[in-house]
Amino acid sequence: MVARIVPVDPFDLVVFGATGDLARRKLIPALYHRMHDGQMPEGARIVGVARAKMDRDAFRRMAAEALDEFGGEVARDTEIRDRFLRTIDYVPLDVTSHEGWDALKAALPDGEGRVRAFYLSVAPRFFGDIAQGVHEAGLTDAHSRIVIEKPLGHDLASARELNGVFAGHFEEHQIFRIDHYLGKETVQNLMALRFANALFEPLWNGRHIDHVQITVAEKVGVEGRGPYYDGIGAMRDMVQNHLLQLLCLVAMEPPSHFEPDAVRDEKLKVLRALAPLTDPDALVRGQYANGPGCPSYLDDAERGASNTETFIALKAEVANWRWSGVPFYLRTGKRMKSRVSEVAVVFKCAPHSIFPAASGRAAQNVLSLRLQPDEAIKLGMTIKEPGPGGMRLAPAILDMTFADKLGASNMRMPDAYERLVMDVIRGDQTLFMRGDEVEAAWAWVDAITARVDDEPPALYEPGSAGPDDALMLMHRDGRRWRELVQQ
Ligand code: NAD
């Protein structure tokens with residue numbers, strides 16, 4: 001099977017913060033790959049903007065280096081590479097100044113009627129200046145779009161303020177709030193599995209599902225981001241956005257159409273149905289200590305003391321008919337045993353066993369969707385052990401990645417940013433968060449952080465599965481976390 005290319009009309013993409021980490025690691029390679037796959041139309045214009053004073057050629061050299069480092073094997077195609085580099089321009093501009101906007105306008109002549117997207121790959125403190133700057137420079141019209149990255153505020157009040165900044169210059173349908181987890185193939189496949197198959201939906205409720213586990217574990221610590229991360233922590237940095245978005249996709253009702261507002265309305269209902277998390281036993285906060293050859297969080301953050309958590313585990317409840325009695329266990333942490341992100345839907349045991357004890361026990365069925373390190377969908381089943389040894393039960397994994405059907409062996413798995421950037425150009429907001437979703441998630445998180453921010457987190461060993469209390473969170477319920485290994 002060949003990846004289908006949906007053509008788009010020539011567009012303008014202005015990347016603010018074009019010399020930064022995100023632009024170099026993700027955006028430039030993503031745009032190159034879209035050109036390589038034939039989706040970048042003739043006449044598309046990409047303009048990098050950043051504070052650094054350099055000319056177009058110097059920026060193109062920087063973009064070429066980014067492709068060398070992060071573009072993979074296909075970035076070595078010299079013909080496409082030259083064409084790609086010729087497509088990009090650069091305008092030095094300090095967005096806090098009133099100077100320089102004319103140069104940006106001059107770089108984008110005759111843009112009437114074409115889609116023009118402004119990608120804000122800069123710190124949020126610049127968002128207001130840029131929204132105003134592009135507006136005052138006369139660079140915006142009804143076809144303009146603005147793309148923003150997390151953090152979308154650090155609490156409900158700041159998220160509302162940010163939404164207000166954009167609402168002053170753009171309509172909601174022009175604002176694209178990225179959560180790159182939603183651009184991952186497996187996450188979109190979760191919706192296909194649920195809503196394009198009759199098999200799972202009848203089982204997708206508290207009568208058949210025992211619990212859901214959502215894990216985002218990282219091996220790295222906060223490294224160079226330490227001073228920024230301190231005072232933010234895992235709850236605001238990961239749970240409020242990525243983990244709650246994944247929870248929404250598991251828990252939402254089927255939307256009437258696969259259309260942006262229909263999908264986002266259903267996700268919003270889930271966020272509003274989250275029961276306040278008030279049970280102190282339902283939340284565990286941790287901070288990595290030092291280990292052999294491994295600095296502690298306090299060392300990384302350059303702090304003498306800090307109550308910021310680098311690990312969180314919690315039990316959430318979606319208080320509605322479908323999910324009554326089904327816990328959603330969420331955990332995320334840094335400096336953990338391995339890098340694993342997955343959603344696991346754990347089904348109830350078969351109600352009665354017809355097999356003798358000697359056959360062994362049937363394991364619970366688990367539908368697991370892995371996002372990292374490799375994307376995969378697997379269904380844990382119980383089968384008869386092959387051979388003449390009588391009826392012995394054995395666990396088996398049904399690999400639902402369908403590699404042969406999807407041609408995964410010879411087809412490159414696109415990065416989430418490739419999909420998301422082109423969705424911006426197409427004007428499809430289905431995989432982007434709406435302002436009210438972001439605010440609802442903050443409202444739930446704020447109530448928790450207000451209660452626990454001043455409490456010291458439990459220390460945990462680097463390379464572990466987090467503090468012991470996190471294991472107890474599950475053990476008390478007679479359950480256990482899935483192993484932090486590639487399964
Ligand atoms: P960075 O610090 O590496 O880059 C910042 C960019 O902003 C640089 O190009 C810099 O020149 C530009 N800049 C700074 N001040 C400016 C000014 N006054 N005028 C014009 N340009 C200015 O940051 P980053 O890691 O690339 O992150 C960018 C944004 O994306 C941040 O909001 C960050 O939270 C978010 N984000 C980053 C990542 C990532 O993987 N790096 C992931 C998710 C979200």
Side-chain angles (χ1 to χ4, degrees), residues 13-31 46-55 58-59 62-63 65-66 69-70 88-101 103-104 107 117-134 137 139 146-154 158-159 162 165-166 175-184 216 218 220 222-234 236-243 245 332 334 339 341 371-372 415-418 420-421 424 431-433 438:
L13 176 66
V14 183
V15 179
F16 287 92
T19 58
D21 176 68
L22 181 69
R24 288 169 23 64
R25 267 188 323 111
K26 293 291 182 184
L27 304 179
I28 291 170
L31 291 164
I46 300 167
V47 181
V49 176
R51 212 169 23 181
K53 297 251 180 291
M54 67 170 117
D55 61 16
F59 182 67
M62 211 202 76
E65 281 164 22
E69 207 174 339
F70 305 111
I88 59 183
D89 198 352
Y90 179 76
V91 175
L93 170 61
D94 179 344
V95 298
T96 60
S97 153
H98 291 290
E99 314 284 309
W101 295 92
L104 179 56
F118 302 99
Y119 198 119
L120 273 46
S121 184
V122 293
R125 66 180 182 281
F126 298 123
F127 287 177
D129 289 325
I130 297 176
Q132 195 166 337
V134 293
L139 283 161
I146 194 140
V147 188
I148 48 178
E149 276 277 353
K150 78 168 199 183
L152 303 171
H154 49 86
S158 55
L162 210 53
V165 164
F166 292 113
I175 306 171
F176 289 73
R177 296 174 189 83
I178 284 204
D179 184 327
H180 69 272
Y181 274 51
L182 300 186
K184 289 186 178 289
V216 178
E218 297 174 278
V220 292
V222 295
E223 262 88 60
R225 286 175 75 216
Y228 156 80
Y229 190 88
D230 200 58
I232 304 272
R236 294 179 177 87
D237 190 44
M238 298 298 290
V239 176
Q240 187 273 342
N241 38 69
H242 306 316
L243 279 87
Q245 283 294 316
T332 180
K334 295 193 179 292
R339 175 172 173 253
S341 299
L371 318 179
Q372 277 166 347
D415 186 77
Y417 280 91
E418 293 180 46
L420 294 173
V421 170
V424 171
L431 301 177
F432 296 81
M433 291 175 292
V438 174

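We count ligands from 1, going down the list as the structure has it; atoms in each ligand are counted the same way.
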Residue-ligand contact A52/ligand 1, heavy atom below 4.0 Å: no
Considering non-hydrogen atoms of the protein only, which is the closest contact for atom 9 (O) of ligand 1, and what is the distance? T19 OG1, 2.6 Å
Please determine if G20 has a nitrogen or oxygen closer than 3.5 Å to a nitrogen or oxygen of ligand 1. yes
Identify the closest protein heavy atom to atom 40 (O) of ligand 1: which residue and atom is it, and at what distance? R25 NH2, 2.5 Å
among protein heavy atoms, the one nearest atom 19 (N) of ligand 1 is V95 N, 3.0 Å
Using every non-hydrogen atom in the two residues, find where Q245 and L182 come nearest and quote the distance to one decimal. OE1-CD1, 3.4 Å
Would you mind finding which of D21, D94, L27 brings a heavy atom closest to atom 23 (O) of ligand 1? D21
How close do S341 and V216 get, heavy atom to heavy atom, and via which atoms? OG-CG1, 3.6 Å
How far is atom 38 (C) of ligand 1 from the closest protein heavy atom, and which atom is that? L22 CD1, 3.8 Å
Tell me, which protein residue and heavy-atom name are nearest atom 20 (C) of ligand 1, and how many Å apart are they? L93 O, 3.1 Å
Aromatic ring pairing F118/F16, orientation class (parallel under 30°, perpendicular over 60°, tilted between): tilted
Spacing of CH2 belonging to W101 relative to CG belonging to L93, to within rounding of 0.5 Å: 5.0 Å
Counting heavy atoms only, which of V15, V122, L120 comes nearest to atom 29 (C) of ligand 1? V122
Is there a protein heavy atom less than 4.0 Å away from atom 2 (O) of ligand 1? no
Closest candidate by heavy atom, reference atom 21 (N) of ligand 1, pool E149, R51, R225: R51
Please state whether the rings of F59 and Y90 are parallel, tilted or perpendicular, taking 30° and 60° as the class boundaries. parallel
Minimum heavy-atom distance between A52 and P92, given as atom pair plus value: O-CB, 3.4 Å
When you measure from atom 5 (C) of ligand 1 to every protein heavy atom, which one gives the shortest distance, and what is it? S121 O, 4.1 Å
Nearest non-hydrogen protein atom, atom 12 (C) of ligand 1: G17 CA, 3.8 Å
Strictly under 4.0 Å, does any heavy atom of H180 approach an atom of ligand 1? no
Protein residue, atom and distance nearest to atom 35 (C) of ligand 1, heavy-atom basis: K150 O, 3.4 Å
Nearest atoms (heavy-atom pairs only) where P29 meets A23: CD-O, 4.0 Å
Applying side chain to side chain contact (heavy atoms under 4.5 Å, CB included) to Y229 and E223, what does each step give before you reach the verdict? CA-CA 10 Å; Y229 190 88; E223 262 88 60; over 6 Å; no
